[in-house]
Amino acid sequence: MCTTVTDGSAPARRTTLRPVRTDGWVGRCITEFLATVTDLPEPQTLLDVAVEQVGAAIDADCALIARGAELLTAWPSRDQIPPSLVAREGEQARERGEADVFAVPIAGPLQATLATKRATPPLDDAEMTLVRGMAKAIELSYAMMRTLEAERRLRSRSERQANVNAKLLASLRERQKLLEELSVVQRMISRREPLADILDAVVRSARDLLGADIVVVSRSPSVIARCGGAERTARFLARVAIPEDASDVDLSAAPQGIPLRQVIAAPVRENGRIVGAVLAGANTPRFQDADRSALLAFADHVSLAITDATTVEAMHRAFHDSLTGLASRALFLDRLEHGLAQAARSKTDLTLLFIDLDRFKIVNDTLGHAAGDLLLVEVANRLRHCLRASDTAARYGGDEFVVLLHDTDARGAAIVAARIIDAVRQPLTVAGMDVTVDASIGIACSTHGTVGADELLRSADVAMYRAKRAGRGRWAIYEPSMHAILLEQLHLETELRGALRRGEFVLHYQPIVRLATGALFGAEALLRWRHPRRGLLSAADFVSMAEECGDFDEIAAWVLDTACRQARHWQERLGDDTFTITINVAASQLARADFAASIREAVDGAGLAPSSLVLDITEALVLRDEPWLLSRLEDLKIVGVSLAVDDFGARYSSLAGLPPLPLDLVKIDQAFIDAVGTPEGSAFARKIVELAHTLDLQVIAEGVQTHQQFEELRRARCEFAQGYLFAEPIEADAVPSLRANARRLWAAPARHRRN
């Protein structure tokens, strides 16, 4: 191709010498183009190559691809494209197909125009065919390249999505495993399983899920659960600062030997207050955000478990006795109300037992309150074994218990009461010693729920006091008449509280005679109450009441001091330092560790020789063989007093069955003395005296009323006697005058024998 250019002011004129074109020129040009664009990287490069090849092939002044007035690419360069060809008027010129411009539309996704401009010579048919073919090739190539590009983008997006999906799947699997582990913990919490078991499950699950070397639950500053690691490491973790949220723990201050490189922690809360943490530690850094979130979930479940356990414990404390575990008074009253309502609906009976332990105070005073608590716990356990699952037992206060028997009448309740008494009476070991207590039980029944809760409790309480007055270790069914008796007893108890202060107590004395000579051996001091309304009351009418209301110790101290001073006064008046005074000692007195000291203080204060004091101990106490009894009696023997077994034979015991105690005298119960005078009674009395002498014990016969009894006992070599034959209990001033009377009584049988 050659071009001729003229100079001067005339426009340039190009003369083109077209080369000879062989057949297939258009096809080869398009084929070359298609081969070129196969390896092109992007659509814009395709457009750039296309306009260059078209322009070069037809020797155009310029070539371009435009979309409307937007120039997409140009050849030989954008700067060499006339602005008018790109502007709006140029677009219109292309559409009109002016002589020097040849434009062909490019369909498909490009939606543009391929335009060439050559002033001279005009394009021939082959060149226009080439331009049209190139436009179609551009259309197809551009569409294909856009499709490939879309596929590449889609494939890249798919690959990215696949990676995201894989990560999401792994995360979902981890989350599923976390949910499974947490669901196990949730079920344990809902079943109210022990807190220790729940925490153990948490630390095991957290360690497995997080791949940690150690997981600890702390309740600052203590470790309450641990899985993995050493105890020293766990203690260190329990003392770290607790975060407000799941986060890493600063290990810069960790002591030597703590093999952890990363620790994460999440707070544990109880009722909203941070009380500890769940901590996971690893020897190499490995924890991510997902691990922190998982640990926080475990910590939330620990918070729930601790709060729930604390709430349950508080509820249990509110409705159960902290010592025995039985129902509390509040819970019992609530169940009593519900039981009465149920009995009214079902037309059944509801029965209440009111239980009071006999001699519990002795255990408390002797062995201490800790031993008393152990006794109450054991009694509660025995009580449970006597009841059905539907029954309710509660500790009502102190040593009092109550039992609610559903669908049970008074007769059935009496069977249960007898079973409880037998169970409680069995010896039990407290503080290494065998202890025996009894239970007095009152029974009250609400037929068809007609008796209210307050009245039912009051009636059972009244019946319990009736059982206790009848001899303890018994049961009694409430009767309306008991109420009036109780009111009188309550009134009497109120009056008793101030009787000592008002000087209403007096001592009467019954003489004890030497049967061999008729001389006075001494006298027994007997407590009396000059009641302003009821007259003179014996000790049996009020002593047990005094023991229950707490006034007995003060009264007993007054008796001891008064009797000792009176005995010393008689000794001085009679000129007989061997005259003795006998007083009765209660089990509660003897159980006190300082009793021997109080005896020494009393005799020293009265100026009385200890040997002049005789202490009467009931046979029932001796036969119980309390573990503390021997040591108390030995303490008294060190003081120097004499010890006597009172009411011997009342429980059909044998002297041979008495425990080896430091005793001096035995007092034969009046029931045996009444039989003296009959062949069998006299023989039995002689045997008792002989056996007592074998045991180095002197004998006192109680309740002697006839001369025949006097004579038989004297012949049996019984040392002493007391009874109405000699004198009834009398006031102190009358005792010295009995000395001559005792000798006359002794002389009368003697004269009768001489005649």
Side-chain angles (χ1 to χ4, degrees), residues 499-530 536-539 543 546 552-586 589 595-617 636-637 639-644 646 664-665 667 698 700 702 719-746:
L500 181 62
R501 185 182 65 256
R502 295 190 298 269
E504 295 175 356
F505 290 121
V506 296
L507 291 182
H508 282 188
Y509 300 90
Q510 188 170 37
I512 301 174
V513 176
R514 293 182 184 271
L515 290 178
T517 64
L520 283 180
F521 169 70
E524 179 178 359
L526 301 172
L527 179 63
R528 298 291 185 262
W529 180 12
R530 294 189 186 278
L536 194 65
L537 301 180
S538 68
V543 164
F552 178 74
D553 289 345
E554 188 177 359
I555 296 172
W558 177 84
V559 169
L560 174 62
D561 183 69
T562 303
C564 288
R565 292 182 183 278
Q566 184 61 60
R568 182 56 188 157
H569 173 71
W570 285 330
Q571 287 178 352
E572 292 174 350
R573 181 175 175 182
L574 297 172
D576 183 3
D577 287 344
T578 64
F579 190 91
T580 64
I581 187 69
T582 301
I583 63 171
N584 293 282
V585 176
Q589 289 177 276
F595 183 60
S598 66
I599 293 292
R600 181 180 293 278
E601 182 179 355
V603 295
D604 289 347
L608 184 71
S611 59
S612 298
L613 178 62
V614 179
L615 302 180
D616 275 359
I617 305 167
L636 291 170
K637 293 304 295 180
V639 173
V641 300
S642 297
L643 303 175
D646 196 12
D664 301 290
L665 301 109
K667 301 180 76 171
Q698 292 183 309
I700 301 176
E702 294 185 293
E719 285 87 353
F720 310 104
Q722 66 183 104
Y724 283 7
L725 177 63
F726 311 107
E728 295 182 10
I730 56 178
E731 295 186 3
D733 293 342
V735 170
S737 64
L738 293 176
R739 191 172 191 179
N741 186 48
R743 291 189 179 276
R744 285 195 299 271
L745 288 171
W746 177 85

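FYI, side chains are in, hydrogens and waters are out, and symmetry mates aren't considered; it's all heavy atoms of this structure.
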Side chain to side chain donor-acceptor pair (under 3.5 Å), paired with Glu524, selected from Gln722, Gln510, His508: Gln722
Within-4.5 Å side-chain heavy-atom neighbours: Leu520 and Val513: yes
Heavy-atom pair of closest approach, residues Leu515 and Ala721: CD2-CB, 3.6 Å
Side chain to side chain, Arg565 and Leu608, heavy atoms closer than 4.5 Å: no
Closest approach of Ala525 to Ala563 (non-hydrogen atoms, all atoms of both residues): CB-CB, 4.1 Å
Any Ser612 side-chain heavy atom under 4.5 Å of Trp570 side chain: no
Note, Ile617 side chain near Asp646 side chain (heavy atom, < 4.5 Å): no
Full working for side chain to side chain contact (heavy atoms under 4.5 Å, CB included) between Leu527 and Leu507: CA-CA 5 Å; Leu527 179 63; Leu507 291 182; 4.1 Å; yes
Charged N-O contact under 4.0 Å between Arg530 and Glu731: yes
Any side-chain heavy-atom pair of Arg600 and Pro610 under 4.5 Å: no
4.5 Å side-chain heavy-atom contact, Leu500 and Trp558: yes
Exercise: identify the closest heavy-atom pair between Ser642 and Ser611: OG-O, 4.1 Å
Rounded distance [0.5 Å steps], CG in Leu665 versus CZ in Phe720: 6.5 Å
Going by atom type alone, with no hydrogens or angles, which donor-acceptor pairs under 3.5 Å involve a side-chain atom of residues 575-583 and a protein atom two or more places apart or on another chain?
| from | atom 1 | to | atom 2 | distance (Å) |
| --- | --- | --- | --- | --- |
| Asp576 | OD1 | Thr578 | N | 3.0 |
| Asp576 | OD1 | Thr578 | OG1 | 2.4 |
| Asp576 | OD2 | Thr578 | OG1 | 3.4 |
| Asp577 | OD1 | Arg568 | NH1 | 3.3 |
| Thr580 | OG1 | Phe521 | O | 3.2 |

Spacing of OG belonging to Ser538 relative to CZ belonging to Arg528, to within rounding of 0.5 Å: 5.5 Å
